[in-house]
Asker: 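Quick one: this structure, given as structure tokens, is what I'll be asking you about.
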Amino acid sequence: MPDNASDLLRRYLEQRREAGESELVLDNMTVEDVMRIVGAKAWLNAAPASPHASPPAPSTPADRPVESEVVAEARSAPRDEIGTLAPIVVGKAGSDLFGGPFASLNSLEAVAAHATACKRCALWSTATNCVPGEGSPQAQLVCVGEAPGEQEDLSGRPFVGKAGQLLTKILAAIDLKREDVFICNVLKHRPPGNRNPLPDEVTACSPYLIRQIELIRPRVILAFGTFAAQTLLETKLSIGKLRGTIHRHYGVPLIVTYHPAALLRNPAWKRPTWDDVQHARRLLDGSGDGA
């Protein structure tokens with residue numbers, strides 16, 4: 001039997017809430033108000049979801065590849081429009097991103113060596129390997145994630161698990177290879193149990209990311225997930241509000257999208273992610289209003 005209207009509305013609202021939205025355009029009713037109307041009492045009494053919690057599984061199977069599920073459909077779709085949120089601008093174009101001792105790290109190799117020996121937070125003591133990042137020093141696109149996972153911790157390489165395989169497919173869909181871009185995370189050591197980064201860990205580790213961006217000077221930054229977006233844009237806004245707008249990080253256009261790991265949990269987010277990476281591709285090609 002097909003879902004009734006209340007079930008469909010409930011599932012839709014749950015997904016919008018996960019994306020950070022709290023109001024409906026209808027008449028300024030909150031999501032909680034509408035959920036109460038449709039009788040979602042259990043949802044209302046539950047604790048607030050974490051940034052990485054999964055909405056109810058959409059009808060699209062999670063194991064379908066991004067090419068068949070998103071790309072084929074999206075190639076014939078119109079280009080997505082720039083979002084309504086005013087762009088966030090961090091720093092001035094052409095200025096140094098970070099001063100102090102990190103300014104002496106004059107190569108990506110030097111940054112990686114420094115990060116490997118870093119004890120600015122406690123993560124080094126529980127991690128197997130440092131995961132500084134990898135890719136081309138001349139990359140026009142820098143992909144930034146949250147933190148290494150189990151497979152990354154074991155290998156010392158970023159995005160090599162299932163989420164990394166999906167990232168490789170996403171890049172291939174916009175005609176890029178992994179070796180053409182630079183891939184890294186906000187944190188360079190894995191948090192125990194893949195927990196969310198702590199504020200002091202982000203503070204300790206983010207200078208390495210900033211220095212990598214300064215050395216590469218890419219044309220576009222793709223921020224995958226909440227922590228990457230909030231760290232680079234110095235904001236607490238949700239990913240749902242940050243998507244769809246060309247932000248600026250020291251003059252570099254920055255596009256926010258969902259983390260590949262979130263797409264594995266929520267296949268319905270593959271389509272908006274495809275819209276975002278298409279936007280990044282247009283910026284790389286000089287046709288995405290990034291001037």
Side-chain angles (χ1 to χ4, degrees), residues 18 20 48-53 88-91 96-103 105 108 110-135 142-150 152-153 156-159 161 163-164 167 182-216 218 221-243 247-250 252 254-262:
E18 290 294 333
S50 71
H52 300 289
I88 295 175
V89 178
V90 175
D96 287 340
L97 304 186
F98 192 85
F102 288 86
L105 303 176
L108 294 176
V111 174
H114 201 286
T116 299
C118 181
K119 296 184 179 180
R120 288 162 58 90
C121 72
L123 290 180
W124 68 272
S125 64
T126 56
T128 304
N129 286 297
C130 179
V131 187
E134 67 179 24
V142 169
C143 300
V144 182
E146 172 184 314
E150 181 180 12
E152 291 77 14
D153 181 50
R157 300 180 58 213
F159 284 88
L167 174 61
F182 192 82
I183 304 172
C184 57
N185 290 293
V186 174
L187 299 189
K188 306 307 183 186
H189 289 93
R190 179 196 182 197
N194 289 351
R195 62 161 171 75
N196 290 339
L198 300 177
D200 66 307
E201 295 164 353
V202 173
T203 299
C205 222
S206 57
Y208 292 111
L209 167 63
I210 303 305
R211 184 59 178 157
Q212 288 172 320
I213 294 172
E214 182 179 34
L215 289 167
I216 297 169
I221 299 170
L222 254 178
F224 287 97
T226 299
F227 285 93
Q230 291 181 345
T231 298
L232 290 169
L233 295 176
E234 300 177 5
T235 182
K236 295 299 183 184
L237 289 175
S238 68
I239 191 170
K241 289 182 171 63
L242 294 171
R243 281 191 58 253
H247 305 287
R248 296 278 176 174
H249 188 266
Y250 287 85
V252 180
L254 186 150
I255 298 295
V256 173
T257 193
Y258 296 105
H259 195 285

Asker: Taking all atoms of both residues into account, what is the closest heavy-atom pair of A122 and S125, and its distance?
Answerer: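 A122 and S125 have their closest heavy atoms at O-OG, 2.6 Å.
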Asker: State whether the side chain of Q212 and the backbone N or O of P132 hold a donor-acceptor pair below 3.5 Å, judged by distance alone.
Answerer: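 Side chain of Q212 to backbone of P132, a donor-acceptor pair under 3.5 Å: yes, one is there.
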Asker: Carefully, step by step, assess V111 and L215 under the rule side-chain contact (heavy atoms from CB on, under 4.5 Å).
Answerer: CA-CA 10 Å; V111 174; L215 289 167; 3.8 Å; yes
Asker: Output the distance between atom CG (L233) and atom CZ (R248), rounded to the nearest 0.5 Å.
Answerer: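 Rounded to the nearest 0.5 Å, the CG-CZ separation comes out at 12.0 Å.
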Asker: How long is the straight-line distance from CG of L242 back to NZ of K236, given to the nearest 0.5 Å?
Answerer: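 Between K236 NZ and L242 CG, I get 12.0 Å after rounding to 0.5 Å.
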Asker: Supply the atom-to-atom distance I239 CD1 to T257 OG1, rounded to the nearest 0.5 angstrom.
Answerer: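 Rounded to the nearest 0.5 Å, the CD1-OG1 separation comes out at 6.0 Å.
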Asker: Please check: side-chain N/O of R211 versus main-chain N/O of L105, any donor-acceptor pairing under 3.5 Å?
Answerer: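 Yes, because the side chain of R211 sits within donor-acceptor range (under 3.5 Å) of the backbone of L105.
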Asker: Sequence neighbours excluded, which residues qualify as ring pair (Phe, Tyr, Trp, His ring centres under 6.0 Å) partners of F182?
Answerer: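 With neighbours one apart ignored, the set is empty.
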Asker: Parallel, tilted or perpendicular: which describes the rings of H259 and F224, with under 30° parallel and over 60° perpendicular?
Answerer: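 Correct class here is perpendicular.
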Asker: Restricting to non-hydrogen atoms, name the atom on A163 and the atom on A261 that form the minimum distance, rounded to 0.1 Å.
Answerer: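 For A163 and A261, the tightest heavy-atom pair comes out as CB-N, 3.7 Å.
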Asker: Which value, rounded to the nearest 0.5 Å, describes the distance between C143 atom SG and I255 atom CD1?
Answerer: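 Between atom SG of C143 and atom CD1 of I255 there are 12.0 Å.
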Asker: Given side chains that start at C-beta, do those of T203 and R120 come closer than 4.5 Å, heavy atoms only?
Answerer: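 No. Closest side-chain heavy atoms not under 4.5 Å.
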Asker: Under a 3.5 Å distance rule, please check whether H247 uses its side chain to pair with a backbone N or O of I88 as donor and acceptor.
Answerer: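 Yes, H247 side chain to I88 backbone: donor-acceptor pair under 3.5 Å.
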Asker: Less than 4.5 Å apart, side chain to side chain, heavy atoms only: is that true for P197 and E146?
Answerer: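 Side-chain contact under 4.5 Å: yes.
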Asker: Taking F227's backbone N and O only, do any of them form a donor-acceptor pair with Q230's side chain (distance below 3.5 Å, no angle check)?
Answerer: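 Side chain of Q230 to backbone of F227: no pair is present.
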Asker: Flag the pair V90 / L232 as yes when at least one side-chain heavy-atom distance between them is below 4.5 Å, and no otherwise.
Answerer: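 The answer is no; the side chains never approach within 4.5 Å.
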Asker: Indicate the atoms forming the closest heavy-atom contact of C118 with W124, along with that distance.
Answerer: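 Minimum heavy-atom contact is O-CB, 3.5 Å.
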Asker: Side chains of I221 and P218, heavy atoms from C-beta outward: is any pair under 4.5 Å?
Answerer: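 Side-chain contact under 4.5 Å: yes.
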Asker: Considering all heavy atoms of both residues, which atom of L254 and which atom of A223 are nearest to each other, and what is their separation?
Answerer: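 Between these two residues, the closest heavy atoms are CD2-CB, 4.0 Å.
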Asker: Answer yes when R195 and E201 have at least one side-chain N-carboxylate O distance shorter than 4.0 Å, and no when they do not.
Answerer: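 Yes, charged N to carboxylate O under 4.0 Å.
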Asker: L167 and P260: which non-hydrogen atoms are nearest, and at how many Å?
Answerer: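 Looking at all heavy atoms of both residues, the closest pair is CB-CG, 4.1 Å.
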Asker: So do F102 and E214 actually touch side chain to side chain, heavy atoms under 4.5 Å?
Answerer: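 Of all side-chain heavy-atom pairs linking F102 with E214, none is under 4.5 Å.
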Asker: Hey, does V131 have a side-chain heavy atom less than 4.5 Å from the side chain of K188?
Answerer: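 Heavy-atom side-chain distance check fails, nothing below 4.5 Å.
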Asker: Check the pair T235, K241 against side-chain contact (heavy atoms from CB on, under 4.5 Å), reporting the backbone distance first and the verdict last.
Answerer: CA-CA 11 Å; T235 182; K241 289 182 171 63; over 6 Å; no
Asker: Would you give the length of the straight line joining atom CG of L187 to atom OH of Y208, rounded to the nearest 0.5 angstrom?
Answerer: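 L187 atom CG to Y208 atom OH measures 12.0 Å (nearest 0.5 Å).
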Asker: Within the distance-only criterion (no hydrogens, no angle test), does the side chain of D153 pair as donor or acceptor with the backbone N or O of R190 below 3.5 angstrom?
Answerer: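 Side chain of D153 to backbone of R190: no pair is present.
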Asker: Within the structure provided, determine whether V256 and L222 are in side-chain contact (heavy-atom separation under 4.5 Å).
Answerer: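 In short, these two side chains do not touch, never coming nearer than 4.5 Å.
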Asker: Looking at C184, is its backbone amide N or carbonyl O close enough to the side chain of E134 to form a donor-acceptor pair, meaning the two atoms are under 3.5 Å apart?
Answerer: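 Checking the backbone N and O of C184 against the side chain of E134, no donor-acceptor pair under 3.5 Å is found.
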Asker: May I ask you to decide if A228's main-chain N or O and T231's side chain share a donor-acceptor pair within less than 3.5 Å?
Answerer: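 Not a single qualifying donor-acceptor pair exists.
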Asker: Drop me the distance from N185's CG to C205's SG, to the nearest 0.5 angstrom.
Answerer: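 Answer rounded to 0.5 Å: 9.0 Å.
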